[in-house]
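Data first, discussion second: the structure below is written as structure tokens.
Numbers restart at 1 for each chain; the letters A, B, ... are given by sequence-line order, proteins then strands.
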Amino acid sequence: MAITLYNSINRQKEEFVPIEPGHVGIYVCGPTVYGPPHLGHAKSYITFDVLVKHLRHSGLTVRYVQNITDVGHLTDDADSGEDKIQRQARIDHVHPWEIVDKWTRQYMNDMEKLRIAHPNFYVRASQHIGEQIEAVQKLVEKGHAYEVNGNVYYEVESFPEYGKLSGRRLEEQKEGVRVESRSDKKNPRDFALWKKAEPGHILKWNSPWGEGYPGWHIECSVMATKYLGNTIDIHGGGLENKFPHHECEIAQSEALNDAPFCRYWVHNNMVTVDGIKMGKSLGNFRTCEDLLTSHSPEAIRAFVLTTHYRSPSNYTEEAISAAASGLSRLSQLQTALLEIIEKNVSAGTADNEAEKLCGEVDAKIRERLDDDIDTPGAIATLYSFVTEVNRFISASALSARVAAAILTVVKEWGSEVLGILPAVSNKTDVDIAPIMQMLIELRQEMKDAKKYDVADAIRNRLKDAGILIEDTRDGVRWKRI
RNA sequence: GGCGGCAUAGCCAAGUGGUAAGGCGAAGGUCUGCAAAACCUUUAUCCAUCGGUUCAAAUCCGAUUGCCGCCUCCA
């Protein structure tokens, strides 16, 4: 079945057809590295992580490029704002590149912990200054941009299709625009391609227009087309970037290359906390680092993925705890299946039924993800599969062979594509395994002697030490909690 | 003011014309020395409200109300 994606530019689900059969080029707007990665970043990058993994799992070769914005974005508007990175550097009394370096590392770190696959490569704005200058020059030559006092602006009027992504028409906006004082733009809607460096500005480069730095949008146009071609298959990013950022990217790229910039625009919705937008100024944002101290990466992913990417995720402690609880059934199943495999059970009365179910579930999950990455639907399918398989296990009706087949399906989607199934950790516990074996035997002796207080004490003390003992019909099981 | 989106049980959340998936929580039960895990049963006569189209609507259309995002950097 074909993969469909909701294409923001046409506002409808469309069948995804790559330009070059079998190959996909995807560009996703990355973070501006001046502060800690937060849940909003997590939602966006987990979304695109699943999209890319699903495309690959479907047999496509994907080149996934993500940028790291390490220069230029401003706190305010083009004329009066301050470089966010530079401002943070001033506050911290360090060089701007220390800020960039610190938060880039933190970002990479957090993303890795969240089981987000590294894009094929990251691209940095600061490493493409030359290309950006060339692009700006070319835009000036083609009559789409003009220079005033060392600043270069894109002339929005020169690109009639400006607004096609966000549904804004120029005429409508003129009236609503605030009066910008001290602006040397021809039209308030024009946006900066190159900014003159004011005295004291540290991150600056030489250009035909004097010392300065690139505008906010040009880096993405330049880097996306440099690595993925003039027309890219998929461009992803947060909804809030639709306007003006993505709109400007289109205007620049299409004016520059005379080719459609992007075929499928994919925008993820935002994260709210207790129903309110998460933002620094509101003091309610949750960093990935904080979240990871109290929740597993899988729980965070499950929380994010149980909401469709185009709907807002509302963060509450209850919601993320519920996600974690649901997940424990999945890991529990994994453990149970491994036990059956280990015991090498030869035949099961439910084998046929279970094998059939495997095929159905596999197809259903694929269908859900094919349908505009319906991760909530995929997870629901996986969870009801868990219940059905547990029923077979309760009836001791599975062979090792079929248990392995089930495990393959569970891991394929739960671990490889969705990334919500934790890895089995007992391998790392080989060192304490003999000790555990001794304690379990000792406790069994106490139980046999009906010394339940001692047996329970052993169990309780182990629990305090972070190890959970479970008596099952097939023996004692232990795991770290 | 302009543009866009959303409203489904206590909570989270699918379903986009054929009569309400799944998870969490809660209650009861099975198993167990007890716990845990697992399984079984129950938990929305109804999908914000009001109209309309249709044999049939949570699903399409219109209006109303509420919430959210963008319109200045933001995932």
Please find out if less than 6.0 Å separates the ring center of Y154(A) from that of Y162(A).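 No.
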Tell me whether the centres of the aromatic rings in H235(A) and F261(A) are closer together than 6.0 Å.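 Yes; F261(A) has its ring centre under 6.0 Å from that of H235(A).
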Watson-Crick or G-U wobble partner of rC3(B), both distances under 3.5 Å: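 Paired with rG69(B).
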When the distance from CZ of R459(A) to C1' of rU32(B) is rounded to whole Å, what number comes out?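 After rounding, the gap between these two atoms is 10 Å.
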Test for a donor-acceptor pair under 3.5 Å between the base of rC12(B) and the side chain of N314(A), counting only N and O atoms.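 No.
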Should the side chain of N269(A) and the base of rG5(B) be counted as holding a donor-acceptor pair, with the cut-off at 3.5 Å?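 For N269(A), whose side chain was compared with the base of rG5(B), there is no donor-acceptor pair (under 3.5 Å).
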Counting just side-chain N and O atoms, does [X] come under 4.0 Å of either OP1 or OP2 of [N]?
| X | N | value |
| --- | --- | --- |
| S384(A) | rA21(B) | no |
| R477(A) | rA38(B) | no |
| S325(A) | rC12(B) | no |
| N390(A) | rC39(B) | yes |
| R391(A) | rC40(B) | yes |

Using the C1' atom on both, measure rC6(B) against rA48(B) and round to a whole Å.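 These two C1' atoms come out 11 Å apart once rounded.
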Could you tell me how far rA44(B) sits from rU8(B) if I compare only their C1' atoms? Round to whole Å.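 rU8(B) and rA44(B) have their C1' atoms separated by 8 Å.
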With the criterion set at under 5.5 Å between ring centres and under 30 degrees between planes, would rG22(B) be stacked on Y383(A)?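 No, Y383(A) does not stack on the base of rG22(B), since the centre distance and plane angle fail the 5.5 Å and 30° test.
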Verify whether one side chain among T69(A) and N67(A) offers a donor that lies under 3.5 Å from an acceptor in the other.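 A donor-acceptor contact under 3.5 Å links the two side chains.
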Within the 3.5 Å criterion, strictly below it, is a donor on E155(A) or Y153(A) matched to an acceptor on the partner's side chain?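 E155(A) vs Y153(A): no donor-acceptor pair found between side chains.
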Nearest-nucleotide 5' precedence on RNA chain B, H41(A) against A455(A):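 Looking at the nearest nucleotide for each, A455(A) comes out on the 5' side.
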